[in-house]
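Below you'll find the structure, written out as structure tokens, and then a few comments.
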Amino acid sequence: MSKRVFLKRLASAGITLVLAVILTFILLRLTPGSAIDQWARNYANQYNITLDEAYIRVAAMINYDPNEPIISQFFRYVSSLVQGDLGKSMVHQALSVNDIIASALPWTLFVSSIALAVSFVIGIFLGVMMAYNRKSWLDPIVSVYSVVTNAVPDFILAILLLIVFSFSLGWFPVNGAYNFRLTPGLNLEFVGSVFYYATLPILTYVLTMIGQWALMMKGSAVGVLGEDYIEAAKVRGLREKTIRKNYVQKNAIIPLVTQLAVFLGAMLGGAILVENLFQYPGIGYYMGEATRQRDYIVMQGILLFIAVSMIVANFIADLLYSKLDPRIKIEE
Amino acid sequence: ESTTAEKKSIYRVEGEWPRPPLFQGNYFANGGVGTAAYFVFEGLVQNVRMVDDQYLRLAETVTYLDDRIEIKIKEDANWQDGTPFTSKDVWAYYMLNRTEATDFYKEIELIDDKTLTIHLLDPYPNKEVIRFLFGADLHGTVPYHLHSEYVDRAAELLETASTYSIDEQKIKKGKFGLNIDEDLDGELNENWNYFLKSGPDMPMGTGPYAVSRVTSSDMLLEKQEDYYRADDIAFDQITIKNPGDGAAGYALIRSGQLNQFDGTPARDILESLVSMNDDIVHYKYPDPASIGMFFNQSMEHFDQKEFRQAISYAIDREKVREVGNNYGQVPTTSITGVVPSQLVNWIDEGIYDELTDYTYNLGQAEEILYELGWERNAQGVWEDPDGHTQDYVIGVNSGSLNMVMPAQIVAEQLTEFGLPTRLLAVDGTIFYKNAENEEGGLYHMSVDYIDTAWGFTYPWHSIRDVFWGGQSRMMHLPRYASDHEDFSKRGKLDLQLTSHDGITFDVEEILHHIPYMDKEEYTAWFSRLAWLINENAYGLNFYQNTTGTWMNRSNISGLPYEDEIDQYGGDMPLMEDEAKMREALETNLFFAGIIPFLEGRYQPKEGDDSE
Amino acid sequence: MSIAAFENVSVQFPTKLGVVTAVRNVSLSLPKGKITAIVGESGSGKSTLASTLLNHVISPGKIAKGRIQVAGKDVLKLTKQELRTYRWSEVAMVFQAAQNALNPVVKIEDQFIETYKEHRPRTEKDVIKKKTIELLQYVNLDPERVMGAYPHELSGGMKQRVMIAFSLLLDPKVLVLDEPTTALDVITQDYIFSILERINKDMGITMLLLSHDISIVARAADYMGVMYAGEIVEFGEIYSMFDRPKHPYTKMLIKAVPSLIHDLNEIKPIPGTSPNLLKRPSGCAFHPRCPFAMDSCTSQVPEFRSVHGQQVACHLYDQELNHEVVGG
Amino acid sequence: MQAVVDFFRVIVRNRRSFIGLIICLFFILMATVGPMLFPLDMSVDYENRYEQPSFKHWLGTDYGGRDVWTQVVHGSQEVLLIGLLAGVITLVFGASLGIVSGLIGGKVDTFIMMITNLFLTIPSLPVFIILAAFLSIQDPISFALVLSAWSWPGLTRAVRSQVISLKEREFMVICKVMDLSLYHIVVREIMPNISSFLAINYILIMRGAIVGSVAIMMLGLAPYSPTNWGQMLNIAITETGGIFNPNGYIYILSPIACLALFQLGTIFFANGLDEAMNPRLRK
Amino acid sequence: MTKPIMQLENVTVSFEGRDGGGKKVQMDVLQELSLDIFSGEILAIVGESGCGKSTLGKVLAGLHRPAEGTYRYEGQDSVVLKGKEKKAFRLGVQLIQQDSYAALNPSRTIFQSLKAPLVAHRLTRGAKQTRKRVTELLETVGLTPVEQFVDKFPHQLSGGQRQRVLMARAISLNPRVIIADEPVSMVDVSLRLSILNLMSRLNKELGIAFIYITHDLATARFIAQKGRLAVMYLGRIVELSEVGLMMNQAQHPYMQALLSAVPLPHPKMAKLKKQLPIKGYEVPKLTSSPTGCHFHPRCPYATEECERETPQLREGKHGVVACHHAERIPVWTLPHSSASSSS
Ligand SMILES: Nc1ncnc2c1ncn2[C@@H]1O[C@H](COP(=O)(O)OP(=O)(O)OP(=O)(O)O)[C@@H](O)[C@H]1O
Ligand SMILES: Nc1ncnc2c1ncn2[C@@H]1O[C@H](COP(=O)(O)OP(=O)(O)OP(=O)(O)O)[C@@H](O)[C@H]1O
Ligand SMILES: [Mg+2]
Ligand SMILES: [Mg+2]
């Protein structure tokens, strides 16, 4: 990709970003229900005061002025955005959205990147195997598996995993991100604990995605296997292994690369369900929490953050794609 | 893990809290410190819900007098950083957090570090009321040495306010008798918000345990060795686990990862869990709260008392209870404004027997409708006197499935009875708005908690919820217009009722006076009000909840009536015996805090080597 | 004299609708150091025949019977490992569509190195590089520019020349050229053939040229075979094939192609359509289009045999042959 | 008519899509005539709760002693209707936009694509949640609208690229040479070529919508509808302890199984659609 | 010859292309090209791949607008045509493309594809008449028996048959000119001739002018027997004359090179050792076309003038030619004479 095309891509990503800012802002203003309502009721119960009084107190505590004109809210939002500030939580006075994302993101990234990598690698492997051995037992098994996992939404799979492996068998913790008795740090014990706690969330994603990767890879690899250059390579007396690695895989993976961004997006979007089921403290969990409390600012911030991640992921996938496939002299 | 020499005894309890980074140490910030509050914070005294017992905590003695409360703080009561807990801290608490009790306070006199007197406003409230209100406060939550800036600022601001006259105070209930105008209120709020943001990062209380670690799933609390009752406290650590939802909690209690988990699930879960594991015990006791529904009087037909009564008769509450809360108790009465099981304690015995009985009676319901001019059409659906069939809507907060399911059954029953009814389960952030909105609300009936007395059972609390609180808005009781010529009446209840003994009175006015009445007087008025509320069928109490506590005794002993557990296979029944009931009820953190810990009832079992 | 020979080779493709015999009973030998061409319409089985030389029939095709010998080796009897080393080092190939025969995501240079290493693992990279440069120069390409390029960065003519250089990498004894210039302009085509001729002369490599263009064959080949519906119907030395074609199909084919020199009135299309291999006509496959068809043509498959120095499969020469035998 | 017969012949011959067709038909019957055959009775019969499957109760009973099978049957109506509607709305909107974008090109295309990409970057589930609250779902139509609001961009993009590749095709160029109308181009030339693509996408969207609807139901964002599979699942899991009560397994698994089976059916069915709707893939 | 139907005057067509670095550059695919086409004639256009033949065809079919210059149809500027006249233009000029498979909608039957233009332009009324006309058309192009073809899908026909369907569709609108862009390059060798013959027949019988675009000189010679031949090089016509004369006395060095590169279908002639009168084999890219005469880098006769000045088409010994040195260049003859004399 030339520098000029790169810049152009960057610009179009920028425009999408600006629009995403506007859209998320509008979306969140559309949301009905007020943060005050739910909060006041909880407050009244918690501090043993009347609901009326709770309303007044909460209204005073909320970090949001409902009477401020939308336009001025927007400009305030944008001007702080420019400084990288996503705003302050409406209901947790001392907390900024940046803080929330900073603390939640590593978990989500950890789970989703591992899930993505694991499912990608296994899926690619299975896909190539299937493409090679069209008549073997692997093909129907993986196909049916993919169809089934495709049919069962990931959150239902999460529930089933939770019921079987946590509730019934007790092999995995029911929630959390690590053993709380360990001090976070780069020691084996802690890292081990982090992996242990992330097993089921990762498994949920991996199990749902493997089949899709495998099928995509199979399709792509079958296409590549039909290409003349594969036959040509065989005629040149190259080893099967070399052909599989340098010809089939190398070419078949290329179209899948753009899908990485799509899958990441699906995971970030789906995190709200999966992370809530596992009570895993990633951005999906906090998105859910903010939704429950109608904390618009946090919702807006996380949504925008996910959108930006998507834009960036797409952008990187584009770059990667043009790196991997020398034929692509990115057009437009 | 526990190969080290000193073995720690640990008590594991279920709870929740704002997960980091939402977590902070200020008790008053949104979400507080969650369940840890019971272990970290305490008041001068502690109320026990439902039974209205009061234990001394930080206070050595509390004397409730007609015009004042005299308090002596424990000499060795300290904050967890070692700073002594003083009378100034109590003052600070009230300066910042002007609770309902301060409606009756005149001034707080600090006599010395450990002694203070709270002077009450004239007219003096009933002693019982002041005892309950005082007991509901959590005085050890504002360490003055950390927050003096905001406390002093609040005190300073309060100084500037003018005071109400005696008569005004009865109606307006100014804090410390002060007339806090809008500007001042704004400044106080601003100060309050600064206070909330000021931290600390970790809770600073006076309780026996201090928070040492918080993650999204667990909290670790360490015992404070210099706690004034440290010797009675048996556990070195408390861990709180946040399972997120009930199912996960049951899994944890079953596997022994929790010792305690408050709540009562559906009968089948309970029975199967108890049978799976001998260590699991479930205690049951009544909850001072009921599930029921409110009739929206701004809707056609629902403004007729007879119609509301007919509907009340048409509902088979036993069936609703079976699914809603199988261990619950269906009262014979309808809504009364008083916890059903407590009615007998607060109203005249004579009246109690006279309360209209709303037990399921389809015949009665039909009779009333016919009398009102309704007719059944060929399909068995009722047509009103104008010949219209109905399409009623029951609204409920979709977040509370424990209400959605009973509401669902009620809708079914009404539909089957011939009054087609749909259920709308709506998100809590919208439900209340829709149910209460000033244009008359969106639902014919709303299902919610009814006849609740979570604080204390003295019925003024619950009755005024009926007339003043959210409940009255869901029922859309008649009110004066918000631009009524009499300024003081604007938006206030426009309700004059005639009681069973023929007395006609203005409800708004009576409610204001109740806290000042003596026992005889308030019993008479509670009787009248309960009778009226029931008679008018403003709503329908489906059943009083029975709640409970799960315990896993694999590593603890000292549970209530421990020797009877095996006899019931761990599934303990609701005890008739008052003392036993109290004992069971004190296992619940929400009901009684950590009383069993302080009293040293729970003990680690020998040979517990978990964790 | 011959370096490679097909003996009774048949190739079959099982398909959903039946078995397609793409190559049927072909016996043919390639004179050493010469260019032998095979002409035939699309689908007549040229590529399939050539692929048997490498024992590489595209699946689901199978070599149903026959023997193939190249430089003394029985190709169909080679073990997997032997076959692998045999390919490219004994017989190399320039494909019909060179642009698709190269791995699109690997640089030209690396593809050369990879192939070389697979055959002779212990060779130094520099040695291979030197050889690559030599070969590229030999086909008149600028090694500097070509080696670091990806296939798509080269023009069609360049790619075809890269493929030729590639085919020479392991000094094969036989080179198969499958329509090496179909997609190219006449000028480039001319150029490529001049290079191929040079290779043939300089290195003495035996070549098998497959083409549907009789003019190209005329220009390049020493021997010519004509293929129709999977069979070789005529084979012989190029001059005599043009001057004295025996098989009616050969005759008509030469006449059916417009050229710059023929009298336009002599040019005649071949009637009918190419045969559907699934429903191969009985007897001589050409009989439905043959103006000389006789009864025996519909029932008997003509033998492939020598007639006046050429080999031909046609009933027209049954008598002549007898005559010759008698006369001889 | 012949086309319809051919269509089904292909479907029936493809084993997978035949199975799919049967499953789909089963659910369609369930949703249409099912409720008439199996009247719903939701009155509580506590004594007979969590009964195991029997002749009387094919899938046993729920926590309130009510027949699970009839609930599943009645639930299918709503679930399918929502999926159907959401599919139609998305299809009409998404495909039209894609065709317009691809056919007209230029500025219009740039604009539509910008919006499409924007929508694609914002994940649908959180937005569903927001929209579900905003539009206060009252009926299947508003439910479907919410679900469609974010599902069109994928389709638009896919249709657009199809149209663009078709536009460059020579038979489309000829249409211009022959001065054929835009109507002809869209309806006669483009549509037949993307119809199987659209049909497959329709099934995909419908599946997505059904999963989305169940998710929204599970989150309690749509009106309470006791027989909706998502709601059944929600109750079964959170409140009535199917998990801890072995008797309740059937109750939990019923909606999951229905959901999975229906999805499976549609996936299988789609398998043969391409062949059935594309004459050029037939032999 | 009468008045021309179509006239191109100094037509330039540009596309946006990209140079090596991916930078956008303007690419003049056709450069100041002038050409007249007469009623009923056959004109063959030859040239190497990428020289702009198809683009020229598309301009003539009204698919590309000239960036500069004018294109007149029946004397009127095609760009400003409106209403009836525009329609007459659209219907009057038809296009047949190389890839017969791509040129037919794969999802529609032959009948549907042929019906559409008839119905759209109200050339037939009613289903019956339409069916009849379609049958007629298929018969005209030799697809008999019609029933065997009319309800088939394109993939069910062979390449040659599809090409005939394209012919049928093109003539269905009674055009005055048909532009055939490499109509036989994808057809089997043995069938090509019959398609070419069909075109000749349509030309003769229906009086339709044909513009035959190809890179194959031999077929160009065959079809345009008495017609004209234009040679293109990098967006320009470099020589245009009668076919017979061109073959024997090609004047432009490029045309000469082309002719000598064509292999002749007889080993004697084909194997004659000959050096192509050309310097380089690489065709320059349109994005960096040479100055002056585009051919000069490859031309053995090029002088400094050729580098500098673009030669215009001018009268040659016959026809027109764009070469500064046309007169100076040795006369070119095919090996034809010597070969045929020897046989
Ligand atoms: N994969 C295959 N499956 C079925 N039949 C095949 C397959 N590949 C080739 N064939 C059959 O083999 C015959 C010969 O094909 P081949 O490619 O050898 O012909 P060719 O003479 O090289 O044609 P062309 O000039 O088009 O390259 C074809 O007619 C085809 O029917
Ligand atoms: N729509 C277009 N956009 C950009 N470039 C184009 C377009 N159409 C043609 N070109 C370019 O214009 C040049 C001439 O193309 P054209 O198709 O006219 O060549 P041609 O002589 O027909 O070649 P061929 O013999 O390969 O068909 C080519 O370089 C091609 O890449
Ligand atoms: Mg071939
Ligand atoms: Mg072209």
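Note that the coordinates shown come from a computational prediction; the quantities given were computed from them, not determined experimentally. Here is how names work: the chains are called A, B, and so on, in the same order as the sequence lines, proteins then strands, and each is numbered from 1.
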inquiry  = Let me confirm one number: the CD1-CG distance from Ile185(D) to Asn105(E), rounded to the nearest 0.5 Å.
reply    = 11.5 Å
message = Counting neighbours of NZ on Lys132(E) that are heavy atoms of other residues, nucleotides or ligands and sit closer than 6.0 Å, is the number greater than 12?
response = no
request  = Would you check, one step at a time, whether the test side-chain contact (heavy atoms from CB on, under 4.5 Å) holds for Glu189(D) with Arg108(E)?
outcome  = CA-CA 8 Å; Glu189(D) 306 284 346; Arg108(E) 315 194 74 211; 3.6 Å; yes
key: Separation of Glu170(D) CD from Ile96(E) CD1 (nearest 0.5 Å)   = 12.0 Å
inquiry  = Measuring from atom OG of Ser107(E) to atom CZ of Phe171(D), what distance do you get when rounded to the nearest 0.5 angstrom?
reply    = 7.0 Å
query = Say you draw a straight line from CZ of Arg90(E) to NZ of Lys176(D); how long is it, rounded to the nearest 0.5 Å?
reply = 6.0 Å
inquiry  = Looking at every heavy atom in both Leu95(E) and Ile174(D), which two are closest together, and how far apart are they?
reply    = O-CD1, 3.3 Å
ask   = For Leu180(D), does its backbone N or O pair with a side-chain atom of His121(E) as donor and acceptor, under 3.5 Å?
value = no
task = Decide yes or no for Met178(D) and Arg169(E): does some side-chain heavy atom of the first lie under 4.5 Å from some side-chain heavy atom of the second?
result = yes
Ile141(D) atom CD1, over 12 foreign heavy atoms within 6.0 Å = no
task = Count the heavy-atom pairs under 4.5 Å between each of Gln94(E), Lys86(E), Gln98(E) and chain D, then report the option with the highest count.
result = Gln94(E)
Best-contacting candidate, Leu104(E), Leu91(E), Val93(E), against chain D by heavy atom pairs under 4.5 angstrom = Leu104(E)
ask   = Does a side-chain heavy-atom distance below 4.5 Å link Arg169(D) with Pro106(E)?
value = yes
